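If you're wondering where the values come from, they're calculated on a predicted model, not measured in any experiment. Residue numbering restarts at 1 for every chain, and letters A, B, ... go by the order of the sequence lines.
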There are 2 protein chains.
Amino acid sequence: MKNTSYHNFFMNFANKTKLDIILALKEKPLSVNEISEKINEEQSKVSHNLKALKTCHILDMERKGKKRIYSLNKETALAILNIVEKHVKKNCPFRCEKCKKK
Amino acid sequence: MKNTSYHNFFMNFANKTKLDIILALKEKPLSVNEISEKINEEQSKVSHNLKALKTCHILDMERKGKKRIYSLNKETALAILNIVEKHVKKNCPFRCEKCKKK
DNA sequence: ATAATAAATGAATTGCTATTCATATGAAAA
DNA sequence: TTTTCATATGAATAGCAATTCATTTATTAT
């Protein structure tokens, strides 16, 4: 897969920082600094991760003065998250250790 | 995310070998060697990847003689794949280079 | 024009995931 | 009960992705 859109697409959900960003934007669009504060991560780290998310169209961006406001592509993101939640509820009722480890 | 079920869950779709396995099992259940031949990957590599997929309940396994038959959890896997296809069609109509690279 | 604020970028490095290779286990056939 | 077939497993390494840190770019206010 390496070098395909599938790989990049799923990496956006597999990485903690990226998923934190996605969850942070569920409620409403935010600027980079607002995201940074909300998820408690350094600005440049957030920016790098935003870029990947935006490249895959998981996020949209809109300039507003010197700020850049990022918003979630809910159609895709919420659909994906819903499936996982459903999957976990059905298949991992006890949150087994195996799942948590490796 | 590291150390959570979300991380592991999505890594199963982000990795080429694992996704190849998933796609190989869309049609029908297969033994390890059958998968190995179908996707043209070494047996131990396949086994390692099967383990991760099974741990996350993306696959089920059933013993049959000395063989082990793996089958796809279609409810989850197909749902996920459908969303991605839809997403790509809608957002990446030209399969832009950005998406393919990094 | 300059300073201040907001965010992006590049390069180096860290850290983790995936693969590889050798070996072990387990079931069935001879 | 030994061999063979099918698969799993462990440990070392290879190969990436993510983070960090310093710097740059862009916008607005003074």
Using whole Å, report how far CD of B:E62 lies from P of D:dA6. 17 Å

Under 4.5 Å between side-chain heavy atoms, chaining through other members, with only Ile, Leu, Val, Met, Phe, Trp and Tyr counted: pull out the rest of the cluster around A:M11, sorted by chain and number. B:M11

Spatial distance of atom CG (A:L59) from atom CG (A:L25) [nearest 0.5 Å]: 6.0 Å

Quick one: B:N12 CG to C:dT17 P, roughly how many Å, whole number? 12 Å

Between NZ of B:K67 and C1' of C:dA29 the distance, given in whole Å, is 14 Å

B:L50 CG - D:dT7 P separation (whole Å): 10 Å

Has the side chain of A:H48 got a donor or acceptor that lies under 3.5 Å from a partner of the other kind on the base of D:dT20? yes

For C:dA8, take OP1 and OP2 only and decide whether either is under 4.0 Å from a side-chain N or O of A:K54. no

List the residues meeting ring-ring contact (aromatic ring centres under 6.0 Å, His included) with A:F10, not counting sequence neighbours, and say none if there are none. B:F13

Kindly state which residues belonging to residues 31-45 of chain B come within less than 4.0 angstrom of DNA chain C, counting heavy atoms of the residue only, listed by number. B:E42, B:S44, B:K45

Within the 4.0 Å limit for protein heavy atoms, which parts of nucleotides 24-30 of chain D are touched? Write it as a string from 5' to 3', B for base, S for sugar-phosphate only, - for none. --SBB--

Is there a side-chain polar atom (N or O) of B:N49 under 4.0 Å from OP1 or OP2 of C:dA18? no

Given D:dA17, is OP1 or OP2 found less than 4.0 Å from the side-chain N or O atoms of A:H7? yes

For C:dA6, take OP1 and OP2 only and decide whether either is under 4.0 Å from a side-chain N or O of A:Y70. no

Whole-Å distance, A:N15 CG to D:dC16 P, equals 18 Å

Side chain to side chain contact (heavy atoms under 4.5 Å, CB included) against B:E75, all qualifying residues, sequence neighbours excluded: A:K86, A:K90, B:N73

Residue list, side chain to side chain donor-acceptor pair (under 3.5 Å) with A:S71, at least two apart or on another chain: none

May I have the distance from B:I69 (atom CD1) to D:dC5 (atom C1'), rounded to whole angstrom? 14 Å

Side-chain N,O (B:T17) to OP1/OP2 (C:dA18) below 4.0 Å: no

Results of side chain to side chain donor-acceptor pair (under 3.5 Å) for B:S44 - residues two or more places apart only: none

Who passes salt bridge (Lys or Arg N to Asp or Glu O under 4.0 Å) against B:E34, sequence neighbours left out? none

Minimum-distance nucleotide to A:M11 side chain [options: C:dA8, D:dA17, C:dA11]: D:dA17

Between CZ of A:F10 and C1' of C:dT17 the distance, given in whole Å, is 18 Å

Would A:K18 and A:N12 count as having a side-chain donor-acceptor pair, cut-off 3.5 Å? no

Less than 3.5 Å apart, which donor and acceptor atoms pair up between the side chains of residues 61-68 of chain A and the rest of the protein, not counting sequence neighbours?
none

Just the rounded figure in Å: distance from C1' of C:dA8 to CD1 of A:I21. 14 Å

Please round to the nearest 0.5 Å and tell me the distance separating atom CD1 of A:I35 and atom CG of A:D20. 11.0 Å

